[in-house]
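What follows is a single structure, written as structure tokens, with notes after it.
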Amino acid sequence: MKVTTVIGARPQFIKAAVVSRALAAQGISETIIHTGQHFDANMSEIFFDELEIPQPGHNLGIGGGSHGQNTGRMIEAIEALLIDHRPDVVLIYGDTDSTLAGALAAVKLHVPVAHIEAGLRSFNRRMPEEINRILTDHAADLLFAPTEAAVSHLAAEGIPDARVHLVGDVMYDAALFYGAKAEDKSSILEQQNLKRGEYVLATVHRAENTDDRERLTAIIDGFAESNRTIILPLHPRTKSRLANFGISVANNILLIDPVGYLDMVMLEKNAALIATDSGGVQKEAFFYGVPCVTLRDETEWTELVEAGWNKLVNASDPAQIEGGLVDVDSFARNVIKPYGNGSAGKEITLVLSSTINDRQKFGS
Ligand code: UDP
């Protein structure tokens, strides 16, 4: 079986690391196409090095444009490579423009498409990620869902059960595999002079927060008013918006460049609380037993809100953000296990091996 993986953004590198390792363990050949969506060394290269992901066979260098420009250029370039490679399956991850471009290029060439992290929904159609997810799920032949909730979203949209596989969350596999390594390899706490359990880790990168001056100002104000020590590894988009909007940052907020995954895990594990608009970081907070304040109106990971691990706050209201950051003891933190048992990568590989050789199962 020949697998082609299409990835381009930071969270996809982390998810792909898990599946790449499982594929290699089965002796399955994989070629990686990196679209170039994230291109800074600390948003891309460091993950390939630290997580030991096979080097991309192709880097398309496509990024920096509008959604339409990027997606269109990616489809064209991926199509040409797939015609050349003729893989047995294309693997795509999550909800970025690279995901949708990989799905559309492959499905129209009748190459089976496998979508990892299928079935997530925010039910907010203004999010570019939501459109990417819905279209990708409907184009995909194999849908690997992380949770029961994701499976029921797919059923509600009429996607046949036979295409859907509940395998657990590859990010849980990653947390188990790299969580212990981070303790050995990362010295970020010493470097940043942070004490375990005494700081808040924050990330902000969603367009709805970064591209809206009032919302971004409210988030920074809420952080400032909490008076807590906050470490904020800055996504390149957030960095540029803070500069463009002329928003200044108070002294209790420590701005640093994006960090590698092992440093990030170390910061997450030892935080008193995490404040984020990231999908992945919300779950990682839970994996490491840290309460999380989500700077959004909705989340795809509703089970964490229901179980009292995660609270949604209105990111345009500094007082709500401040309250969320200060009120750490009010999280119920009920015991739940919604993301499988840490073997999602292996299960995905088994399903791929057993179905790809039998193309009739795709009904094409
Ligand atoms: N992450 C990282 N370094 C950082 C910020 C985030 O390694 O400076 C990791 C984080 O641990 C998580 C993933 O990147 O695994 C989340 O990516 P992001 O927030 O960009 O995307 P989302 O999960 O919202 O799609």
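Please read these numbers as outputs of a predicted model, since none were measured by experiment. Both counts, for ligands and for their atoms, begin at 1 and track the order of listing.
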If you scan protein heavy atoms around atom 9 (C) of ligand 1, the nearest is Ile14 CD1, 3.7 Å
Protein contact to atom 1 (N) of ligand 1 [nearest heavy atom, distance to 0.1 Å]: Met264 CG, 3.6 Å
Which ligand 1 atoms does Gly279 reach within 4.0 Å, using its non-hydrogen atoms? 22 (P), 23 (O), 24 (O)
Without placing hydrogens or testing angles, list every side-chain donor-acceptor pair under 3.5 Å for residues 39-56, not counting sequence neighbours.
residue, atom, partner, partner atom, Å
Ser44, OG, His34, NE2, 2.9
Glu50, OE1, Tyr261, N, 3.0
Glu50, OE1, Leu262, N, 3.2

With a 3.5 Å distance limit and no angle check, can you tell me whether Asp173 reaches the backbone of Ala344 through a side-chain donor-acceptor pair? yes
Which of the ligand 1 atoms, numbered from 1, are nearer than 4.0 Å to a heavy atom of Pro258: 8 (O)
Does Gly280, backbone or side chain, put an N or O under 3.5 Å from an N or O of ligand 1? yes
For the pair Asn252 (side chain) and Phe223 (backbone), establish whether a donor and an acceptor sit closer than 3.5 Å, ignoring hydrogens and angles. yes
Identify which one of Thr71, Asn70, Asp97 satisfies the side chain to side chain contact (heavy atoms under 4.5 Å, CB included) criterion when paired with Ile62. Asn70
Just by distance, no angles: are the side chains of Thr299 and Gln282 close enough, under 3.5 Å, to form a donor-acceptor pair? yes
Heavy-atom proximity to atom 6 (C) of ligand 1, picking from Arg10, His205, Arg237, points to Arg10
Under a 4.0 angstrom heavy-atom cut-off, which atoms of ligand 1 come close to Pro233? 8 (O)
Any N/O pair His235/ligand 1 closer than 3.5 Å: no
Polar contact flag for Met171 and ligand 1 (N/O pairs, less than 3.5 Å): no
I want to know if ligand 1 touches Ser278 in the polar sense, i.e. an N/O pair below 3.5 angstrom. yes
Which atoms of ligand 1 are found less than 4.0 Å from any heavy atom of Phe47? 2 (C), 7 (O)
Indicate the ring-plane relationship of Phe286 and Tyr339, choosing parallel, tilted or perpendicular according to the 30° and 60° boundaries. perpendicular
Decide whether an N or O pair under 3.5 Å exists between Glu284 and ligand 1. yes
Does Arg206 reach ligand 1, in the sense of a heavy atom lying below 4.0 Å from it? yes
Pairing donors with acceptors under 3.5 angstrom, does anything connect the side chains of Thr210 and Thr238? no
Rounded distance (nearest 0.5 Å) linking atom OG1 of Thr35 with atom CD of Gln12: 7.0 Å
Could you list which atoms of ligand 1 come closer than 4.0 Å to a heavy atom of Glu268? 11 (O)
Only one of Leu166, Leu120, Val151 passes side chain to side chain contact (heavy atoms under 4.5 Å, CB included) with Pro146; say which it is. Leu120
In this structure, CD1 of Ile33 is separated from OG of Ser98 (nearest 0.5 Å) by 10.5 Å
For atom 21 (O) of ligand 1, what's the nearest protein heavy-atom neighbour? Residue, atom name and distance, please. Pro11 CG, 3.4 Å
With backbone taken as N, CA, C and O and side chain as the heavy atoms from C-beta onward, which portion of Val259 lies under 4.0 Å from ligand 1: side chain, backbone, both, or neither? both
